[in-house]
Amino acid sequence: MPSQESRPTIHIPGTTSHTIAQRARSGGHEGTLRYLKTGTGTPLVLLHTVRTQAEHFRHLIPLIADRYTVYALDLPGMGYSEIVPGASYDEPAMRAGVERLLTELDLNDVTLAGESMGAVLALTTAAELPERVRRVVAVNTYDFRGGIARSSLLARVVVSGVLAPGVGPVIAGVEPKPALSKILQGGLGDKSALREDYVDELLQVGSRPGYPTVARAVYQSLPSLIAARSRYREVKAPVHLVYGEMDWSRPSDREANKQLLPAADFTQVRKAGHFIALERPDVLADLLNAVA
């Protein structure tokens, strides 16, 4: 459970918070993982975007909890999962965290639903653990060059600064609320979908000791997310690709993934951006509940 000093400021009704301890054989390279749980039914695992946490799905979870047992994971080092000095935050390391959730809790017949980076991890986890995964819903896969830097000039400047040698760690530790809000709004068709209390929660997490290092490492991991596309053809479970009409991906990026996953269903959400879980949770809930 999060400590009193780092308790989340947002509570999703009906959810309880749990942790998964590091495995003894990890040699200290894994940290404790935190996840939220609620609902009844077959397991559904939610995987969040870059720079967010399980509360990213605060509006979606209540819409699906009567059809699924929902597990919303804080990816390694993010949200209230443990920050381990020197840990990797590339795609294989992030995927290992998802695999831990499925294997340590012995989840089977799982629906994996991820957004952005979480969508990539949903697909690669399905490739890695086909015997456990029933279905994948991949929303706005974050597997193309540029990533969030395509959002706006401000995002390009900030991300370039975070990645810069020398000054990068310093810039990663400075996160004014107006700047974070503006960058996140660049991923929304409906700017009002970004709630102030959610931004405050992200800022609280961003103030955790060591978090700037995590944030910088996650942005540095984009090449590994692009490389992970090579695993998509291995996915045996049914896949539903979902894209916001105004997502940062280009039509060519979306078409390339449709070619890699030719049997996948495809939905494009009108007037929506990158963070569909924030602005159109009803669309995702309808897709998920229809196949529960």
**Q** For A113, is there any backbone N or O sitting under 3.5 Å from a side-chain donor or acceptor partner on R135?
**A**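 No, R135 side chain to A113 backbone: no donor-acceptor pair under 3.5 Å.
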**Q** Hey, does V291 have a side-chain heavy atom less than 4.5 Å from the side chain of V137?
**A**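 They are not in contact (no side-chain heavy atoms under 4.5 Å apart), so the answer is no.
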**Q** Is any side-chain heavy atom of L184 less than 4.5 Å from a side-chain heavy atom of L188?
**A**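 Heavy-atom side-chain distance check fails, nothing below 4.5 Å.
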**Q** What is the distance from atom NZ of K37 to atom CG of L105, rounded to the nearest 0.5 Å?
**A**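 That separation rounds to 7.5 Å.
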**Q** If I take atom CG from residue N108 and atom CG from residue L102, how far apart are they, to the nearest 0.5 angstrom?
**A**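 Between atom CG of N108 and atom CG of L102 there are 8.0 Å.
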**Q** Any side-chain heavy-atom pair from H56 and S116 closer than 4.5 angstrom?
**A**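 No, every pair of side-chain atoms sits at 4.5 Å or beyond.
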**Q** Knowing that exactly one of R229, R150, R250 qualifies, which makes a side chain to side chain contact (heavy atoms under 4.5 Å, CB included) with F144?
**A**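 For F144, the side chain to side chain contact (heavy atoms under 4.5 Å, CB included) check succeeds only for R150.
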**Q** Do you know which two heavy atoms are closest between S151 and G186, and how far apart they sit?
**A**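 Scanning both residues completely, I find the closest heavy atoms to be OG-CA, 3.2 Å.
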**Q** Give the cluster check for L73 versus I10: same hydrophobic cluster or not, with ILVMFWY residues linked at side-chain heavy-atom distances below 4.5 Å.
**A**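 Hydrophobic grouping puts L73 with I10.
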**Q** Under the 3.5 angstrom rule, does the side chain of N289 hit a backbone N or O of A292 as a donor-acceptor pair?
**A**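 No, N289 side chain to A292 backbone: no donor-acceptor pair under 3.5 Å.
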**Q** Kindly compute the distance separating CG (L46) from CG (L288), expressed to the nearest 0.5 Å.
**A**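 Between L46 CG and L288 CG, I get 7.5 Å after rounding to 0.5 Å.
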**Q** Would you call E279 and K271 a salt bridge, taking side-chain N to carboxylate O under 4.0 Å as the test?
**A**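 Salt bridge: no.
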**Q** Decide side-chain contact (heavy atoms from CB on, under 4.5 Å) for V110 and Y71; before the verdict, give the C-alpha distance in whole Å, the side-chain angles of both, and the deciding distance to 0.1 Å.
**A** CA-CA 10 Å; V110 177; Y71 301 83; over 6 Å; no
**Q** Quick check on the hydrophobic clustering: are I276 and Y68 connected, directly or via other members, by side-chain heavy-atom contacts under 4.5 Å?
**A**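 Cluster IDs for I276 and Y68 match.
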**Q** Linking I/L/V/M/F/W/Y whenever any side-chain heavy atoms sit under 4.5 Å apart, do V98 and L123 land together?
**A**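 Yes.
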**Q** Does one hydrophobic cluster hold both V205 and L194, with members joined at side-chain heavy-atom distances below 4.5 Å?
**A**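 They do share one cluster, since a chain of ILVMFWY contacts under 4.5 Å joins V205 to L194.
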**Q** Does any donor atom in the side chain of Q204 or Y80 lie under 3.5 Å from an acceptor atom in the other side chain?
**A**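 A donor-acceptor contact under 3.5 Å links the two side chains.
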**Q** Under a plain distance cut-off of 3.5 Å, with no hydrogens placed, do T9 and E201 share a side-chain donor-acceptor pair?
**A**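 Yes - a donor-acceptor pair under 3.5 Å links their side chains.
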**Q** Between E30 and V84, does a side-chain contact (heavy atoms from CB on, under 4.5 Å) hold up when you go through it step by step?
**A** CA-CA 7 Å; E30 294 179 347; V84 178; over 6 Å; no
**Q** Please check: side-chain N/O of T69 versus main-chain N/O of G41, any donor-acceptor pairing under 3.5 Å?
**A**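 Pair found, side chain donor or acceptor close to backbone of G41.
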**Q** Distance-only, no hydrogens or angles: does the R51 side chain make a donor-acceptor pair with backbone N or O of V218 under 3.5 Å?
**A**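 Side chain of R51 to backbone of V218, a donor-acceptor pair under 3.5 Å: no, none is there.
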**Q** Same cluster for V214 and L203 if Ile/Leu/Val/Met/Phe/Trp/Tyr side chains link at under 4.5 Å?
**A**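 Yes; tracing contacts between hydrophobic side chains, which count when under 4.5 Å, links both residues.
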**Q** Which atoms form the tightest heavy-atom contact between M94 and P76, and what is the distance?
**A**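 Shortest heavy-atom separation between M94 and P76 comes out as CE-CB, 3.5 Å.
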**Q** To the nearest 0.5 angstrom, please state how far the CD atom of Q185 sits from the CG atom of L180.
**A**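 Nearest 0.5 Å value for the CD-CG distance: 10.0 Å.
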**Q** Can a donor-acceptor pair be found, under 3.5 Å and without considering hydrogens, that links the side chain of E245 to the backbone of R270?
**A**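 Pair absent, no side-chain N/O of E245 close to backbone of R270.
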**Q** Measure the shortest side-chain to side-chain distance between L47 and V45 over non-hydrogen atoms and say whether it is less than 4.5 angstrom.
**A**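 With C-beta onward as the side chain, the pair touches.
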**Q** Which atoms form the tightest heavy-atom contact between L112 and A122, and what is the distance?
**A**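 Taking every non-hydrogen atom into account, CD1-O, 3.4 Å.
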**Q** So does S221 get a backbone contact from the side chain of D90, meaning a donor-acceptor N/O pair under 3.5 Å?
**A**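 Not a single qualifying donor-acceptor pair exists.
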**Q** Shortest non-hydrogen contact from A277 to E115?
**A**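 Shortest heavy-atom contact: N-OE2, 3.0 Å.
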**Q** Any salt bridge between E104 and R132, counting N to O under 4.0 Å?
**A**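 A salt bridge is absent here (no side-chain N lies under 4.0 Å from a carboxylate O).
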**Q** Taking Y89 for the side chain and A215 for the main chain, is one N or O donor matched with an acceptor at less than 3.5 Å?
**A**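 Side chain of Y89 to backbone of A215: no pair is present.
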**Q** Charged N to carboxylate O under 4.0 angstrom, D200 versus K177?
**A**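 Looking at D200 and K177, the cut-off is met.
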**Q** Determine, stepwise, if the pair R58 / D197 fulfils side-chain contact (heavy atoms from CB on, under 4.5 Å).
**A** CA-CA 12 Å; R58 63 189 293 196; D197 62 343; 2.9 Å; yes
**Q** Under a 4.0 Å N-O cut-off, is there an ion pair linking R231 with E234?
**A**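 Counted as a salt bridge, because a side-chain N and a carboxylate O are separated by less than 4.0 Å.
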**Q** Is any side-chain heavy atom of D143 less than 4.5 Å from a side-chain heavy atom of Y232?
**A**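 In contact.
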**Q** With the side chain counted from C-beta on, respond yes when L278 and Y198 share a heavy-atom pair under 4.5 Å apart, and no when they do not.
**A**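 They are in contact (side-chain heavy atoms under 4.5 Å apart), so the answer is yes.
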**Q** Between the side chains of D253 and Y243, does any donor sit under 3.5 Å from an acceptor?
**A**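 No, no side-chain donor-acceptor contact under 3.5 Å.
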**Q** Where is the tightest heavy-atom contact between R100 and A21, given as atom of each residue plus distance?
**A**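 For R100 and A21, the tightest heavy-atom pair comes out as NH2-O, 3.1 Å.
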**Q** Determine the minimum heavy-atom distance between S17 and R34, stating which atoms define it.
**A**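 Taking S17 first and R34 second, the nearest heavy atoms are OG-NE, 3.5 Å.
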**Q** Going from CZ on F57 to OG1 on T52, what distance comes out if it is rounded to the nearest 0.5 angstrom?
**A**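 Rounded to the nearest 0.5 Å, the CZ-OG1 separation comes out at 7.0 Å.
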**Q** Could you walk me through whether Q53 and L202 satisfy the side-chain contact (heavy atoms from CB on, under 4.5 Å) test, starting with their C-alpha distance in whole Å, then the side-chain angles of each, then the deciding distance to 0.1 Å, before giving a yes or no?
**A** CA-CA 8 Å; Q53 58 197 70; L202 295 180; 3.6 Å; yes
**Q** Just by distance, do the side chain of R95 and the backbone of V120 share a donor-acceptor pair under 3.5 Å?
**A**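 Such a contact is absent between R95 side chain and V120 backbone.
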**Q** I'd like to know if the side chain of N140 and the backbone of G244 have a donor-acceptor N/O pair within less than 3.5 Å.
**A**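 Here the side-chain-to-backbone pair exists.
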**Q** Short question: side chain of R254, backbone of S249 - any donor-acceptor pair under 3.5 Å?
**A**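 Side chain of R254 to backbone of S249: a pair is present.
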**Q** Using the ring of each side chain (for Trp, its six-membered ring), is W248 parallel, tilted or perpendicular to H274, with breaks at 30° and 60°?
**A**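 If you compare the ring of W248 with that of H274, the planes turn out parallel.
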**Q** May I ask you to test the I61-T15 pair for a side-chain heavy-atom distance under 4.5 Å?
**A**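 A side-chain contact under 4.5 Å exists here.
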**Q** Check whether any side-chain heavy atom of L75 lies under 4.5 Å from a side-chain heavy atom of M117, and answer yes or no.
**A**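 They are in contact (side-chain heavy atoms under 4.5 Å apart), so the answer is yes.
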**Q** What is the distance from atom CZ of F275 to atom NE2 of H48, rounded to the nearest 0.5 Å?
**A**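 So the CZ of F275 and the NE2 of H48 are separated by 12.0 Å.
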